[in-house]
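From a predicted model like this one, the values you see are computed outputs, not experimental measurements.
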Number of protein chains: 2
Amino acid sequence: MTAIHESPIALKLGAFVALSDAELSVLDELHRRRRTFLAGRDLVLQGQSDQSAYILASGWACSYKLQASGSRQIVDFQVPGDFLGLRSILFRTADHTIEPVTNVEASEVHARDLLNAFSRTPKLATAVLWAASRDEAMVVEHLVNLGRRNARERTAHFLLELGARLKLVGLATNAGYECPLSQYMLADALGLTAVHINRVLRELREDGLLTFQKGRVTFDDFDRLVASVDFDKTYLDQDGPLLR
Amino acid sequence: MTAIHESPIALKLGAFVALSDAELSVLDELHRRRRTFLAGRDLVLQGQSDQSAYILASGWACSYKLQASGSRQIVDFQVPGDFLGLRSILFRTADHTIEPVTNVEASEVHARDLLNAFSRTPKLATAVLWAASRDEAMVVEHLVNLGRRNARERTAHFLLELGARLKLVGLATNAGYECPLSQYMLADALGLTAVHINRVLRELREDGLLTFQKGRVTFDDFDRLVASVDFDKTYLDQDGPLLR
DNA sequence: CGACTTATTGAACAGTATCAAAAAGGGTGG
DNA sequence: CCACCCTTTTTGATACTGTTCAATAAGTCG
């Protein structure tokens with residue numbers, strides 16, 4: 001038996017509020033309707049029509065916005081424990097597309113079930129709203145990243161953020177993590193060219209800071225890396241002692 | 001007597017849902033606790049501690065994030081009818097600062113009152129959540145702006161967005177609008193240098209597209225401007241016929 | 001193996017920043 | 001109403017960061 005509290009979503013929410021067994025089992029129920037999505041096949045979430053969100057159980061996804069010119073901006077990547085399209089059921093839809101980066105396992109969550117769960121376990125509601133709020137803080141931080149950091153800082157900051165997020169669900173350590181992103185995807189997230197990303201990664205590697213290779217990010221000198229790009233992860237709000 | 005439905009917030013929410021007189025008066029009650037804030041004096045909204053939001057009645061504000069290096073990234077400007085710090089009461093706090101750009105009149109809204117109003121008038125709740133969702137769509141669009149548009153497109157797109165938002169509350173037409181922003185502020189919002197913004201503005205003016213001068217934005221050729229930067233305002237979600 | 005995607009490198013170029021300085025506004029006290 | 005100070009706008013010259021184009025190498029998958 002897989003312990004409920006070991007699912008990524010439980011680990012993640014548990015970092016914000018301590019969840020009781022009862023609450024964990026409500027969460028587990030939400031997490032039952034498992035589906036598999038194939039890498040690259042759009043998991044289009046065009047709002048209105050679509051009344052369900054997903055909880056990502058394994059694999060990575062990304063949300064992006066396409067331009068008329070054909071270029072795209074990746075808004076964020078989603079890793080296990082993250083919601084996909086949460087906003088489109090809490091609010092009205094955001095108008096971006098979600099696409100699995102790898103093959104993905106996710107459970108469908110209907111608006112009704114979620115709201116239902118909320119009313120039964122308010123603490124769960126708090127935790128989910130925390131997650132939504134954190135998602136937005138990340139988008140804001142990405143804005144700062146694009147607006148006020150150079151390619152090197154931007155790249156390092158982003159990979160550090162992913163590390164911190166993955167650590168929360170047990171998929172990373174300060175040594176590094178498995179990362180299925182291509183340099184093209186990284187480029188689309190960071191507002192850079194894949195060519196330039198490649199040079200920046202080489203530089204970071206040659207400076208002994210981090211290595212992005214063969215589907216893995218390795219922090220060669222975590223502390224120096226954090227210092228060199230001024231990475232302050234308070235916006236991720238995952239440090240504090242468990243609240244409540 | 002000032003008709004309730006002529007307040008900026010009523011105009012704005014009314015563009016999304018048709019509000020009855022009863023709903024308008026609930027909105028009006030929320031809008032009673034008026035305060036004045038002086039330009040430049042931080043209206044710090046550091047989350048947790050602060051349990052109230054504001055509805056902006058007149059003047060402009062901006063929300064930004066400061067870097068250790070001293071540079072800042074403005075996330076968005078708020079214009080009449082917008083909420084300030086809405087997220088910090090619906091959710092947990094976002095970690096940015098809000099500062100009035102001009103002297104500002106705003107009414108304080110306590111979390112309790114808002115939630116109270118929601119339960120009395122669900123349609124108002126829908127409208128407020130729509131506003132919050134729209135705010136997020138704007139941040140995402142700003143991300144695209146920084147990541148995938150050059151200085152010229154970026155500047156024009158941003159000024160067009162502000163125009164569309166102000167039009168909704170009767171403060172702009174396709175001819176232009178009063179704009180209290182300095183070129184430095186524009187620079188901090190667009191991830192550019194004030195010097196470069198200045199050159200871009202000159203170029204746009206010389207091309208007969210728009211004029212940014214003396215506290216006013218003038219669209220010299222609105223249609224050509226929209227076409228030239230591929231401005232698609234569907235993300236603002238303010239076109240449709242009134243829903244419901 | 002062969003076709004395709006991804007990673008890597010070079011050289012030339014474009015866009016934006018930086019530094020510096022002058023001009024133009026705007027507000028304030030006398 | 002003027003003189004002065006301070007902020008904002010404007011312009012030039014130069015340096016640099018990141019792009020573009022092009023080509024090769026290295027993986028990956030059927």
Check: Leu204(B) CG to dT10(D) P: how many Å, rounded?
Finding: 13 Å

Notebook entry, point to check: Given the rule in the side chain to side chain donor-acceptor pair (under 3.5 Å) test, do His142(A) and Glu161(A) qualify, once you have shown the distances and angles that lead to the verdict?
Noted result: CA-CA 10 Å; His142(A) 296 167; Glu161(A) 178 191 293; 3.0 Å; yes

Next item on the list: Could you tell me, to 10°, how much the axis swings from one end of the helix from dC1(C)-dG30(D) to dG30(C)-dC1(D) to the other, five pairs per end?
Entry: 50°

Next item on the list: With sequence neighbours excluded, tell me which residues meet ring pair (Phe, Tyr, Trp, His ring centres under 6.0 Å) with Tyr235(B).
Entry: none

Notebook entry, point to check: Taking atom CG of Asp135(A) and atom CG of Leu86(A), what is their separation to the nearest 0.5 Å?
Noted result: 7.0 Å

Check: Under the 3.5 angstrom rule, does the side chain of Thr193(A) hit a backbone N or O of Val195(A) as a donor-acceptor pair?
Finding: no

Next item on the list: Return the value, rounded to whole Å, for the distance between atom CD of Gln183(B) and atom C1' of dT8(D).
Entry: 8 Å

Check: Does a side-chain N-to-carboxylate-O contact under 4.0 Å join Arg152(A) and Asp207(A)?
Finding: yes

Item checked: Polar side-chain atom of Glu136(A) near backbone of Ser133(A) as donor-acceptor pair, under 3.5 Å -> no

Checklist line | Those residues that, when tested against Arg205(B), pass salt bridge (Lys or Arg N to Asp or Glu O under 4.0 Å) (two or more places apart) | finding: none

Checklist line | salt bridge (charged side-chain N to carboxylate O under 4.0 Å, His left out) contacts in which one or both residues fall within residues 169-183 of chain A, not counting sequence neighbours | finding: Glu178(A)-Arg216(A)

Check: Taking only residues two or more places apart in sequence, or in another chain, which ones meet Arg199(B) in a salt bridge (Lys or Arg N to Asp or Glu O under 4.0 Å)?
Finding: none

Next item on the list: Salt-bridge test for Arg34(A) and Glu108(A): reply yes if a basic N is under 4.0 Å from a carboxylate O, no otherwise.
Entry: no

Check: Which residue pairs satisfy the ring-ring contact (aromatic ring centres under 6.0 Å, His included) criterion with at least one member in residues 192-211 of chain B, sequence neighbours excluded?
Finding: none

Next item on the list: Using a 4.5 Å cut-off on heavy atoms from C-beta on, say whether the side chain of Arg134(B) contacts that of Lys12(B).
Entry: yes

Item checked: Where at least one partner belongs to residues 56-88 of chain A, residue pairs that pass ring-ring contact (aromatic ring centres under 6.0 Å, His included), sequence neighbours excluded -> Phe77(A)-Phe158(A)

Next item on the list: Take the protein atom CE of Met185(B) and the nucleotide atom P of dT8(D), then report the distance between them rounded to whole Å.
Entry: 7 Å

Margin query: For chain B and DNA chain C, what are the first and last nucleotides along the strand, 5' to 3', with at least one atom under 4.0 angstrom from a heavy atom of the protein chain?
Written below: dT16(C) to dG26(C)

Next item on the list: Flag the pair Leu146(B) / Asn145(A) as yes when at least one side-chain heavy-atom distance between them is below 4.5 Å, and no otherwise.
Entry: no

Checklist line | DNA chain D-proximal residues of residues 67-78 of chain B, any heavy atom under 4.0 Å | finding: none

Next item on the list: Using the test salt bridge (Lys or Arg N to Asp or Glu O under 4.0 Å), find all partners of Arg72(A) that sit at least two apart in sequence or belong to another chain.
Entry: Asp188(A)

Taking only N/O atoms, report every protein-nucleotides 17-21 of chain D pair under 3.5 Å with atom names and distance.
unit_1, atom_1, unit_2, atom_2, d
dG18(D), OP1, Ala151(A), N, 2.9
dT19(D), OP1, Thr193(A), N, 3.4
dT19(D), OP1, Thr193(A), OG1, 3.4
dT19(D), OP2, Thr193(A), N, 3.2
dT19(D), OP2, Thr193(A), OG1, 3.2
dT19(D), O5', Thr193(A), OG1, 3.3
dT20(D), O4, Arg199(A), NH2, 3.1

What pairs of nitrogen or oxygen atoms, one from the protein and one from nucleotides 24-26 of chain D, lie under 3.5 Å apart?
none

